[in-house]
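Whatever order the structure lists ligands and atoms in, that order sets their numbers, starting from 1.
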Amino acid sequence: MAAPESVKKEIERLREQIVFHNLKYYRDDRPEISDAEYDELFLRLKDLEQKYPELLAPDSPTQRVGAAPLEKFVKVTHRTGMFSLDNAMSEDELSEFDQRVKKVLGPAREFEYVAEPKIDGLAINLVYENGKFKNGATRGDGIVGEDVTQNLKTIHELPLKLSEKKPPELIEIRGEVYMRRKEFEELNREREKAGAPVFANPRNAAAGAVRQLDPAITAKRRLHLYVYQLGEARGWSFQTQWEALDTLRDWGFSVQDRIKLCKDIEEVKKVYGRLRDERETLPYEIDGLVVKVNALELWTRLGFTARAPRFAIAAKFPARQKTTVVNDIIVGVGRTGALTPVAVLGPVEVGGVMVSRATLHNQDEIERKDIRIGDTVVVQRAGDVIPEVVKFIPEQRPKGAKKFVMPEQCPVCGSKVVRPEDEAIHRCLNLNCPAQIMESIGHFASRGAMNIEGLGEKIVERLFSEKLVNSIADLYALQEDDLTKLEKFTDSETHKKAKNLLEAIERSKKTTLPRFLYGLGIRHVGESTAQLLAESFASLDELEQASVDELMTIEGIGPEMAAAIHDFFSNRENQKLLKDLLGQGITFEKVAKTRTETPLSGKTFVLTGGLSGMTREEAKNLIQAAGGKVSSSVSKKTDFVVKGVDPGSKLDKAKELGVRTLTEKEFSDLLKQAGVL
Ligand code: IVH
């Protein structure tokens, strides 16, 4: 039976009402109706949608939860790169930023700033097509993020549909997912009760919730969203940031109400000072003020440096500091054998987080700061999660304050500790040191690597001490029997745990090359280098055979890294490890890119000579943003050589190898085609 017109109207009205009350409740914290009244509207809508399934729409407020859990996140290349911001650490540095802007724009040009509180959460990118929420991704490394669409849908402040009659064809909107202090504390209390580890701060809790594979869990965490920036906009144009924020508000997004339009940097400084004083009274954490030039036309003129825009800056608040006592200095052994001294502190709350340990980095650092056991010290959390010891307070040094001495033997395996020349780090060189092996197994299993859920530190320790796992390859030989023998797995409830762990290990066999490479723990190879390596070589085999010189042709890989990679693959034991791992059935999937293909996708570029319209770094960023790669030397694998003013020998090499060259004009046309310029 076709739905009567009256039902269609009622459904529409219910949806509008629910969206309105959602915002009142979640964004404004000021509900206008009771929970029961809200539930009534919601249930009525659900009921009608069930009766008339043809009227069910993906942007209906009933569709926020209910998606099935994912096995893993798909990688997404952002249409336009998501840059981070340079920091100004003081009012003087804000003035310097203002001077730099004025230098580019010239003294005659008048302009304004927009000052926005810098929320401490997780940056995300949202894509709307013809007004409908299409997908959302984490920032990732700024170029590639993870598709977290289903999870973002559970955030009530995210409009599934823009309230705009003629919405833009496509628009990218950037914002911050965050958790309010009160809700963060509640969550931690619940977790503590349930025996789960607590989150260090609201940012980590928000990031953890967004990166849940099961949207039902995300839905339970009370997340919020503020938007503050546009990416690509097709079919709509804005003149100023202020106007963009206004429009976003009109479209139904939450936009900060503490944002101020300032006529000059002096006014910005006033806003900064006021916000700094108000900071602790806000319901959420902020770590500074983002200052942006208002006129968007000037953004193009100011452009970008290697890592950040020149038209904006983050004015950070000073770190929050407290004093406490150093009760002891202990030594930890890391995956690479590095011995790290750690201060054991009298527990103290710094900026809302309990701190009881702080890394002291290395012996030189301890000596430079002259920190001793028994000292009263200043600890701070500088914007970041990791607490550090700033200095000791001389007046409060007790008589017997004890100097720290680095042990001569590894505290875990007893091997001799050495400090390699030119290094600040003491190391245990025993590759079979249990601490190193356990750390490397933990690293291999970690989320950014093979993502083996349930293989935490404790289990690794047990498996290792029972001699069930001596290397990462042994993980794949584990049987249910092995696990149930362990204490943790004796009763029937824990039988299930054993099964789950084995399943997680089995699942991890289907992975991607970047994850695998990162998991191997090659020195200097972090997640982004692993990604770079996987993109630059057709297979693991090819990478294994690569010479130091070949590795160095990759932009972003320097001599030290190249040597470390080469050393790793030349080592017999490592070769055996790789053979064993692959023999266990590990396979690599292609990393899916959901971004639209551009003429630059997957192509390798080499730049030679100076470009008149942009710096090299800018050109590099644009190429990467459009899906291309940049290399520093010409080879058969090069697709295009961009010829600037006074090109060097690379142009000759290109001609010799028959590589296609592009003039600067052709190059910028290509970038325009790709939509990044
Ligand atoms: S704008 C091209 N505005 O700060 C400009 N960022 O250090 C890109 N953030 O990754 C960022 N509040 O996670 C901008 N009002 C705001 C912000 C903001 C918080 C975060 C965001 C970004 C980081 C930059």
Participant: Counting distance only, does the side-chain N/O of Arg310 pair as donor-acceptor with the main-chain N or O of Leu302 below 3.5 Å?
Facilitator: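 A pair under 3.5 Å: yes.
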Participant: For Lys118, which part has a heavy atom under 4.0 Å from ligand 1: side chain, backbone, both, or neither?
Facilitator: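 Both of them.
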Participant: Which residue and non-hydrogen atom of the protein lie closest to atom 20 (C) of ligand 1, and at what distance in Å?
Facilitator: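 Nearest protein contact, heavy atoms only, for atom 20 (C) of ligand 1 is Glu176 OE1, 3.5 Å.
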Participant: Examine the side chains of Asn125 and Glu172 and answer whether a donor and an acceptor come within less than 3.5 Å of each other.
Facilitator: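 Side-chain D/A pair, Asn125 to Glu172: present.
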Participant: Would you mind listing which atoms of ligand 1 come within a distance below 4.0 Å of any non-hydrogen atom of Ile119?
Facilitator: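 Numbered from 1, ligand 1 contributes 12 (N), 19 (C).
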Participant: Which residues pass the side-chain contact (heavy atoms from CB on, under 4.5 Å) test with Lys322, not counting sequence neighbours?
Facilitator: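 Checked Lys322 against side-chain contact (heavy atoms from CB on, under 4.5 Å); matches are Val348, Glu349, Val350.
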Participant: By number and element, which atoms of ligand 1 are closer than 4.0 Å to a non-hydrogen atom of Phe83?
Facilitator: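 By the 4.0 Å cutoff, the relevant atoms are 8 (C).
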Participant: In chain order, what residues pass the ring-ring contact (aromatic ring centres under 6.0 Å, His included) check against His21, with sequence neighbours excluded?
Facilitator: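 His21: no ring-ring contact (aromatic ring centres under 6.0 Å, His included) contacts found.
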Participant: Hey, is Met82 one of the residues with a heavy atom under 4.0 angstrom from ligand 1?
Facilitator: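 Heavy atoms of Met82 never come under 4.0 Å of ligand 1.
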Participant: Checking salt bridge (Lys or Arg N to Asp or Glu O under 4.0 Å) for the pair Asp277/Arg274: CA distance, chi angles, key distance, verdict?
Facilitator: CA-CA 5 Å; Asp277 297 342; Arg274 250 183 276 139; over 6 Å; no
Participant: Is there a polar contact, in the sense of an N or O pair closer than 3.5 Å, between Ser84 and ligand 1?
Facilitator: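 There is no such contact.
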Participant: Identify, by atom number and element, the atoms of ligand 1 in contact range of Glu116, meaning under 4.0 Å from any of its heavy atoms.
Facilitator: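 Selected atoms, number and element: 3 (N), 15 (N), 16 (C).
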Participant: Which atoms of ligand 1 have any heavy atom of Pro309 under 4.0 Å away?
Facilitator: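 Within the 4.0 Å cut-off of Pro309, ligand 1 contributes 2 (C).
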Participant: Any salt bridge linking Arg447 with Glu146? Criterion: basic side-chain nitrogen under 4.0 Å from a carboxylate oxygen.
Facilitator: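 No.
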Participant: Out of Val255, Leu85, Val114, whose heavy atom is nearest to atom 11 (C) of ligand 1?
Facilitator: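 It is Leu85 whose heavy atom sits nearest to atom 11 (C) of ligand 1.
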Participant: Under a 4.0 Å threshold between the charged nitrogen and the carboxylate oxygen, would Glu183 count as salt-bridged to Arg181?
Facilitator: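 Between Glu183 and Arg181 there is no salt bridge, as every charged N stays at least 4.0 Å from the carboxylate O atoms.
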Participant: Note the single closest protein heavy atom to atom 22 (C) of ligand 1, along with its residue, its atom name and the distance in Å.
Facilitator: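 Scanning the protein heavy atoms, the shortest distance from atom 22 (C) of ligand 1 goes to Tyr228 OH, 4.1 Å.
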